[in-house]
Trainee: 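Let me give you the structure first, and then I'll get to my questions.
Quick caveat: nothing in here was measured; it's all calculated off a predicted structure.
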Amino acid sequence: MTPTIRSPSPKARVGEYNDATHAEDASALIIGEHGYKHRLLDSRVMPPFITPTRYALSRRIRTRDSDICFSSYPKSGSTWLSYIIFLLTDSASARDTIQSSLIWVESSWTYLRSEAEVEAASEPRVFKSHMPYDMALGGVPAENKGRYIYIARNPKDVVTSYYRFESGKSWTGFYDGGWEHWLGMFVDGKVQRGDWFHHVLSWWEASQRAENILFVKYEDLKRDTTAEIRRIAEFLGKSQLTEERMTEIESKIGFEEMKKDKFSSLGDVKEFNQFFRKGEIGSWKDQFTVRQSEMFDQLCEERMSGSGLHFDYE
């Protein structure tokens, strides 16, 4: 029997993840080394709140022409991208916060929505996801209506930021492994959301074939913000962006501005109070040893060779 889950008020503060409320079937959860909590879906490592029921719902969603779905591996700039999307579609001012405005179908935790609520949501519906391409919202994105935007970040900064984000959190079983242990799990694809290389390359390869998928690199958005916003705007059918509007958008999406703003700060989620860290390119240098950096560089060369995808690391 499919559990009936009520959606919280969008203005209520979201509390900690807990198994009884959000795991659906706690007996299916796996506790790994250093308490690292997760589940397996389609043989992929996922957070406990990505439940079989919610995942199944995300796969059968019928997308519409006006839908926008942004996706990423965690800690790759998806919150930044989401704010840009809301500003470009002129919907940020009419809604409460980023988390209460978007629709995260596969999650049973933050701002849960029933299937009926998803269907009744105002357009454009903006969907969030952290799934690889073969587990994406709506089935096969390239065959769906709507637009998909995937944002990727260099893996050294991702693994560094993700380590600090996952450590000591309720949804990870208050994981307390050290950096070297975390790096090993990341390399082996055993952290939540699975193998980074498969995740990113699956979307990269799809974006090369499908007109309704846009691939954005965090580093490009950081270094040439205006050009990348215009590229995103054109993809969303918002190409008539005035200089005045562009200046306004850029003034709102700075890292410090987003941390202060109620809509974008994620202060409404209890354990996201330190969601924003540095947001800089090259923060991995504070974490990696020389040996680890050389090992990781070799791994990237092996896993990404021939893909045509390259990242800036500093």
Side-chain angles (χ1 to χ4, degrees), residues 1-8 14-33 35-63 67 69-75 78 99 102-121 125-144 146 148 150 162 165-166 169-175 185-186 188-196 198-200 202-203 206 269 271-272:
M1 180 181 295
T2 301
T4 300
I5 308 174
R6 293 182 178 178
S7 301
V14 179
E16 284 184 344
Y17 162 85
N18 70 79
D19 291 344
T21 304
H22 306 113
E24 187 176 308
D25 179 10
S27 67
L29 300 182
I30 300 168
I31 309 299
E33 294 178 348
Y36 194 61
K37 184 182 293 185
H38 58 281
R39 72 164 74 247
L40 293 179
L41 283 177
D42 289 354
S43 301
R44 314 289 174 76
V45 181
M46 291 288 159
F49 56 83
I50 307 299
T51 65
T53 297
R54 297 300 299 184
Y55 171 55
L57 172 58
S58 77
R59 296 289 280 169
R60 69 172 181 266
I61 289 290
R62 293 185 178 181
T63 56
D67 286 345
C69 177
F70 66 91
S71 188
S72 75
Y73 197 88
K75 309 312 293 178
S78 62
Q99 290 292 326
L102 55 79
I103 304 171
W104 192 6
V105 183
E106 68 253 25
S107 172
S108 68
W109 179 28
T110 53
Y111 298 112
L112 181 67
R113 287 170 175 76
S114 67
E115 187 167 4
E117 288 172 321
V118 173
E119 290 299 317
R125 299 185 301 181
V126 179
F127 292 95
K128 166 183 177 175
S129 179
H130 283 308
M131 291 302 203
Y133 184 80
D134 57 311
M135 299 177 77
L137 177 99
V140 182
E143 300 175 1
N144 290 348
Y148 291 76
Y150 187 87
Y162 204 17
F165 184 65
E166 294 276 271
K169 296 298 195 304
S170 57
W171 65 85
T172 66
F174 301 97
Y175 171 72
M185 287 206 304
F186 185 90
D188 292 339
K190 294 181 179 179
V191 298
Q192 294 177 6
R193 285 8 179 278
D195 183 77
W196 180 90
H198 170 267
H199 202 294
V200 172
S202 68
W203 280 97
V269 183
E271 289 188 275
F272 286 5

Trainee: Is there a side-chain contact (heavy atoms from CB on, under 4.5 Å) between Leu112 and Arg54 once you walk through the steps?
Mentor: CA-CA 10 Å; Leu112 181 67; Arg54 297 300 299 184; 3.2 Å; yes

Trainee: Measure the OH-OG distance between Tyr17 and Ser108 for me, rounded to the nearest 0.5 Å.
Mentor: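 Going from OH on Tyr17 over to OG on Ser108, the span is 7.0 Å.
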
Trainee: Work out which heavy atom in Gly189 is nearest to a heavy atom in Val45; give both atom names and the distance.
Mentor: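 Looking at all heavy atoms of both residues, the shortest contact is O-CG2, 3.9 Å.
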
Trainee: My understanding is that only residues two or more places apart in sequence, or in another chain, count here; which of them pass ring-ring contact (aromatic ring centres under 6.0 Å, His included) with Tyr175?
Mentor: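 Here the qualifying residues are Tyr36, His181, Trp182.
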
Trainee: Identify the two heavy atoms, one from Tyr148 and one from Gly138, that lie closest to each other, and give their separation to 0.1 Å.
Mentor: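 Distance-wise, the nearest heavy atoms are OH-CA, 4.4 Å.
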
Trainee: If I compare all heavy atoms of His199 with all of Pro132, which pair ends up nearest, and what's the gap?
Mentor: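 Between these two residues, the closest heavy atoms are NE2-N, 3.3 Å.
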
Trainee: Check this for me, if you would: do Arg60 and Glu115 make a salt bridge, where the nitrogen-to-carboxylate-oxygen distance has to be below 4.0 angstrom?
Mentor: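 A salt bridge links Arg60 with Glu115.
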
Trainee: Give, for atom CZ of Arg193 and atom CD of Glu166, the distance between the pair rounded to the nearest 0.5 Å.
Mentor: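 The CZ atom of Arg193 sits 7.5 Å away from the CD atom of Glu166.
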
Trainee: Check Arg125 against Arg62 and note the closest heavy-atom contact, atom names and distance.
Mentor: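 Closest heavy-atom pair between Arg125 and Arg62: NH2-O, 3.3 Å.
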
Trainee: Can you tell if the side chain of Met135 reaches within under 4.5 Å of the side chain of Met46, non-hydrogen atoms only?
Mentor: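 A side-chain contact under 4.5 Å exists here.
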
Trainee: Is the closest side-chain heavy-atom distance between His38 and Pro47 below 4.5 Å?
Mentor: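 The answer is no, as the side chains (C-beta and beyond) never meet within the 4.5 Å cut-off.
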
Trainee: Do you know which two heavy atoms are closest between Ala23 and Thr51, and how far apart they sit?
Mentor: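 Result for this residue pair: O-CG2, 3.7 Å.
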
Trainee: Sort and list the pairs that fulfil salt bridge (charged side-chain N to carboxylate O under 4.0 Å, His left out) and have at least one residue in residues 36-48, not counting sequence neighbours.
Mentor: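 Qualifying pairs, neighbours excluded: Asp19-Lys37, Arg44-Asp134.
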
Trainee: Grab the two heavy atoms, one from Val118 and one from Phe127, that are nearest each other, plus how far apart they are.
Mentor: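 Closest approach of Val118 to Phe127: CG1-CE2, 3.9 Å.
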
Trainee: To the nearest 0.5 Å, what is the distance between CH2 (Trp171) and NE2 (His22)?
Mentor: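 One gets 12.0 Å once the value is rounded to the nearest 0.5 Å.
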
Trainee: To the closest 0.5 Å, what do you measure between CH2 (Trp203) and OG (Ser72)?
Mentor: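 Rounded to the nearest 0.5 Å, the CH2-OG separation comes out at 10.0 Å.
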
Trainee: Can you label the angle between the Trp104 ring and the His130 ring as parallel, tilted or perpendicular, going by 30° and 60°?
Mentor: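 Perpendicular.
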
Trainee: Using only atom types and a distance under 3.5 Å, with no angle test, would you say the side chain of Thr172 pairs donor to acceptor with the backbone of Lys169?
Mentor: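 Checking the backbone N and O of Lys169 against the side chain of Thr172, a donor-acceptor pair under 3.5 Å is found.
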
Trainee: Can you tell me how far the CZ atom of Phe49 sits from the OG atom of Ser170, to the nearest 0.5 Å?
Mentor: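 Phe49 CZ to Ser170 OG: 8.5 Å, rounded to 0.5 Å.
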
Trainee: Are any side-chain N or O atoms of Tyr133 and backbone N or O atoms of His198, one a donor and one an acceptor, separated by less than 3.5 Å?
Mentor: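 No, Tyr133 side chain to His198 backbone: no donor-acceptor pair under 3.5 Å.
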
Trainee: Would you compute the distance between atom CG of Leu40 and atom CD1 of Ile50 and round it to the nearest 0.5 angstrom?
Mentor: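 Here the interatomic distance stands at 13.5 Å.
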
